[in-house]
Structure formats: structure tokens, C-alpha cells
There are 2 protein chains.
Amino acid sequence: MASSRRQPRSRPETLLRRREILDAAIDIFGSKGFTGGTLQDIADQVGMTHAGILHHFGSKDQLLLEVLAHRDETDVAHLEGKHIPDGLALFRHLVMTAFLNAQRGGIVQAYAVLSAESVTDDHPGREFFQRRYTTLRSEVSHAFRVVCTEQGVDNESNIDDAAAAILAVMDGMQVQWLLDPTAVDLGRASEFAIEAILAGILRPQPSVLIEPAHSP
Amino acid sequence: MASSRRQPRSRPETLLRRREILDAAIDIFGSKGFTGGTLQDIADQVGMTHAGILHHFGSKDQLLLEVLAHRDETDVAHLEGKHIPDGLALFRHLVMTAFLNAQRGGIVQAYAVLSAESVTDDHPGREFFQRRYTTLRSEVSHAFRVVCTEQGVDNESNIDDAAAAILAVMDGMQVQWLLDPTAVDLGRASEFAIEAILAGILRPQPSVLIEPAHSP
DNA sequence: ATTAACTTGCTTACTGGACTGTAAGTTAAA
DNA sequence: TTTAACTTACAGTCCAGTAAGCAAGTTAAT
């Protein structure tokens with residue numbers, strides 16, 4: 001009775017099938033949102049019934065979580081996975097990513113749509129995005145500190161603001177770009193903003209906004 | 001037959017009811033999205049049936065459009081309506097708005113959620129947000145040009161990027177703030193980023209990112 | 001001033017469809 | 001022979017929109 005008698009487990013193609021489904025799900029959730037996109041939509045795209053998808057993933061919520069985890073593995077591998085670029089290299093990497101993103105609207109759209117949707121009540125992706133931003137902010141903050149040390153700058157006070165701002169500008173730019181790709185240059189504008197924020201830390205200047213005592 | 005015999009039209013309280021409904025709709029669409037929020041949810045909040053709401057607005061899509069138009073009237077009156085602040089005053093206004101927004105999550109959330117959701121297929125709010133960003137970008141661009149002229153700076157090349165970036169950073173920061181209000185300081189971080197981008201236009205500096213020829 | 005005619009602002013009831021999830025059955029691989 | 005990978009069928013909700021009805025208010029004619 002103690003013998004676990006068999007484990008034929010899954011077939012080799014199953015992994016491929018799951019990946020197909022995940023890809024279709026990114027596509028559908030990106031173009032219709034999580035709430036708006038249906039299992040039927042995804043099933044159609046891979047030539048299956050919606051029950052087949054539930055067989056693999058159990059529930060729509062679970063599918064979303066695996067979609068998010070999957071993209072984190074494959075796509076932001078550069079940032080999350082292997083070795084995180086450090087110091088200036090991280091900022092160069094972010095700029096490169098912005099230019100790269102301008103050529104793959106699908107995944108960009110999925111992330112833009114899902115991250116904003118995740119702030120709604122009881123959204124299954126909320127915790128994922130919370131954690132993701134926390135991680136990314138701390139990585140960018142760390143890079144700022146490294147660069148500050150390298151360049152002998154002491155400007156701790158705004159580093160966390162700057163880190164959040166860099167992620168914010170990349171995300172916000174994507175929304176504008178998705179709404180009208182001809183109206184903004186995703187790569188160039190992101191690069192400009194990242195340089196400006198970086199300079200704001202490395203070469204702090206007196207405020208432009210604070211009312212100067214006007215000439216007497 | 002030619003006589004237009006009557007026009008009792010609407011009762012005076014009707015305007016108030018409509019406003020109540022619009023407020024409830026902002027709340028519901030903000031917390032559940034447009035697709036996720038239902039007419040029933042909104043009806044419950046104003047003590048009505050969902051058919052009553054359709055009586056006033058005709059369809060869910062139409063309700064969304066009126067919600068967006070209504071908020072534009074009342075809330076961004078500062079920016080859209082009366083006199084648009086110009087030059088540095090516009091940037092000061094944006095910073096003030098960021099600080100103000102940190103104290104009224106509801107409307108902020110509605111706009112963050114709906115603007116991102118609007119990039120999905122056939123979303124009824126898409127055109128609204130497209131136009132809105134186009135307008136805002138050109139207003140911010142204009143302010144940049146005014147400030148450049150005032151300060152004798154000639155830096156046309158990046159003004160459009162900077163304008164898009166300022167809006168992007170404000171929007172992107174809101175998403176991070178909504179996900180975890182304790183993790184980012186919405187007002188302070190927005191202010192820092194706006195100052196940095198403004199400085200990037202007014203006091204252009206050599207790139208921090210471009211690989212410097214390392215010391216010989 | 002009264003009343004008749006009409007309109008607004010709803011409600012109830014219903015339609016038709018869509019969606020997630022489940023259960024049971026089928027096929028083919030291990 | 002067991003199990004994975006499905007399919008078909010169905011259950012139970014839920015949702016936007018429509019139709020019909022009704023009470024209360026408004027207007028016009030008397």
C-alpha cells in the first residue's frame with residue numbers, strides 16, 4: 001500500500017500546449033482586459049474549448065497568475081531573473097527596454113492594462129503588481145545609490161522618489177503610446193525622461209519652480 | 001400640426017439625480033472598472049433600479065461618456081476650462097494637483113483605471129482619452145515654449161518628449177500609489193520628477209548615460 | 001379653478017445572451 | 001489498466017437593454 005504505483009504524469013507536449021495557452025491569454029487579456037477577456041476567447045485562439053483551458057489551469061484567476069509569472073520569467077528576465085544590471089547599466093537597460101517595447105505592442109499593452117486594472121477591488125493580480133513594483137523600486141533605488149557612490153554625489157533625500165518616477169514615466173508613456181502610437185515616441189521620450197531624472201539626482205540644481213524674488 | 005404644443009421637459013430635481021448617478025458611476029467604475037462595474041452596482045448606490053439609470057442615460061456606454069465629460073468639467077476645470085495657467089504657472093499647478101490628488105483617491109483611481117482600460121478593443125472611452133492626452137500634451141508643450149522664451153533657452157528638440165513625460169509620470173505614479181499608498185509619496189515624487197524634467201529642458205546637460213571615454 | 005391630456009421618472013418583468021465552473025464521458029498515450 | 005487531455009452538456013449567475021405600466025407632476029383648455 002505504501003507503493004506509489006505509477007506516475008505517467010503529463011505528456012511532453014503538454015508543456016507546449018500550456019505555453020500556447022499562456023501566450024493566447026496574454027494576447028486576449030491585453031486586448032480586452034482580464035475582466036473583459038473570456039476563456040472562450042482564449043480557447044478559440046488555441047483551438048480548444050474553454051473547458052480544456054480550465055483543465056490545465058483550474059480557474060481564470062489562476063490562469064492570470066500564471067500568465068503574469070510566465071512573462072516575468074521570459075520577458076523581464078533581463079531585469080528580474082539572472083543578474084540584475086547595476087549602476088548606470090541598469091538605466092541603460094531601461095532605456096533599451098523602452099526602445100524595444102516600441103516594437104512589441106502586445107505584451108506592453110497586456111502589462112499596461114493589467115497593472116492598472118489590478119488596483120480594482122479584489123483583482124487577482126493586485127498582489128503580483130504590488131510586489132513587482134516594490135521589487136523594481138528597490139532595484140532602481142539601489143542602482144541610484146551605486147551611481148551616486150561612483151560619482152561621489154551625496155543626494156539620498158530624493159532617491160526613492162526618483163526610482164518611483166522612473167518606473168512611473170515608463171508605464172505612463174506606454175499608455176499614451178498605446179492610445180496613439182504616432183503621437184509619442186516611446187523610446188525617445190522615455191530616454192529623455194530617464195536622463196532628466198538621473199541628472200536630477202546626480203546634478204541637483206536649484207528649483208526652477210520656486211518663485212524667485214523678482215528684480216527690484 | 002406645426003404647433004409644438006408643449007415642453008414640460010425635465011423637473012428641477014432631475015439634474016440633481018443625474019449628478020448623483022454620475023458620482024456613483026465614478027465611484028463604481030473606479031473601484032471595479034468599466035467592464036467590471038455594473039449598472040446594478042451604480043443603481044444600488046443611489047437607491048434605484050438599473051432600468052432607472054438607463055432611463056436617464058440610455059446606455060452604459062453613454063453613461064461612461066457623460067461621467068468622463070462631467071469630471072472634465074468639474075474637476076480639471078483648473079486645467080481645461082477657464083483660463084489655462086501658462087508658463088511656469090502651469091507646472092506649479094500640476095505639482096499642486098499631484099499633492100491634491102493624494103487626498104482624493106476615488107477620482108484618481110477612476111481616471112487611472114479608465115484611461116488604461118480605454119486602450120482595449122472598442123472601449124467607449126478610447127476617443128475621449130486620446131483627445132484628452134492630445135490636448136494636455138499640447139498645453140504642456142506650449143508652457144514649455146513660453147518658459148523657454150522667458151528664460152532665453154533654445155531647446156525645441158525635446159519639448160514634446162518632455163510634455164508627454166510629465167503627464168506620464170503623473171499617471172504612472174498614481175498607479176503605484178493606488179497599489180500601495182504607503183510606498184510612494186505621490187505629491188513629493190511627482191514634484192521631484194516635474195522639476196527634473198523641467199530642468200532637463202531649461203538647463204540641458206551632457207548625457208549621463210553615454211559611455212564616457214574612460215580615463216587613460 | 002378644475003379638469004383633461006400628456007409627460008416625466010421611475011418600477012416590475014422579461015428577453016436573450018454570455019460567462020465561469022462542474023460533471024460525466026471519450027480517446028489515446030504511458 | 002490507469003491516467004492525462006480533452007469534449008459535450010449543463011448548471012447557475014449575471015448583465016444590458018426593452019417593454020409596459022403607473023403615479024405624480026406639468027400644461028392647456030375650459
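Note: hydrogens, waters and symmetry copies are ignored here, and every other heavy atom, side chains too, is used. From a predicted model like this one, the values you see are computed outputs, not experimental measurements.
The separation between Q40(A) atom CD and dG21(C) atom P is 14 Å, rounded to whole Å. Between K60(B) atom NZ and dC14(D) atom C1' the separation is 12 Å, expressed in whole Å. Counting to the nearest Å, the P atom of dG9(C) and the CZ atom of R19(B) are 16 Å from each other. A straight line from NE2 of H50(B) to P of dG9(C) spans 18 Å, rounded to a whole angstrom. Protein atom CG of L15(A) is 16 Å distant from nucleotide atom C1' of dA29(C), rounded to whole Å. To the nearest angstrom, P of dT18(D) lies 13 Å from CD of Q62(B). In this structure, F57(B) atom CZ and dT18(D) atom C1' are separated by 19 Å, rounded to whole Å. Summarising the geometry, the separation between CG on D44(B) and P on dA16(D) is reported as 12 Å, rounded to the nearest angstrom.
Across all strands, L39(A) comes closer than 4.0 Å only to sugar-phosphate atoms, never to a base (heavy-atom distances).
With values rounded to the nearest 0.5 angstrom, S118(A) atom OG is found 9.5 Å from L178(B) atom CG.
By the 4.0 Å N-to-carboxylate-O rule, R188(A) lies too far from E191(A) to be salt-bridged with it. Between D160(B) and R145(B) a salt bridge is recorded (basic side-chain N to carboxylate O distance below 4.0 Å).
Between the side chains of D171(A) and Y133(A), a donor-acceptor pair is found at a separation under 3.5 Å.
The aromatic rings of F144(B) and F91(B) lie tilted to each other, with the angle between the two planes from 30° to 60°.
A donor and an acceptor atom never sit less than 3.5 Å apart when one is taken from the side chain of H56(B) and the other from the base of dG9(C).
Of the candidates dT22(C), dT11(C), dC15(D), the closest approach to any side-chain atom of T49(B) belongs to dT11(C). Distance from the side chain of H55(B) is smallest for dG9(C) among the nucleotides dG9(C), dC6(D), dT20(C). Nearest to the side-chain atoms of T14(B) among the listed nucleotides dT20(C), dA9(D), dT8(C) stands dT8(C). The side chain of A51(B) sits closest to dA19(D) out of dG21(C), dT7(D), dA19(D).
DNA chain C is contacted by both G36(A) and M48(B); M48(B) maps to the nucleotide lying nearer its 5′ end (nearest heavy atom per residue). With DNA chain D read from its 5' end, the first of the two nearest nucleotides for D41(B) and G52(A) is the one closest to G52(A).
Between R17(B) and dT8(C) there is no side-chain N or O to OP1 or OP2 distance below 4.0 Å.
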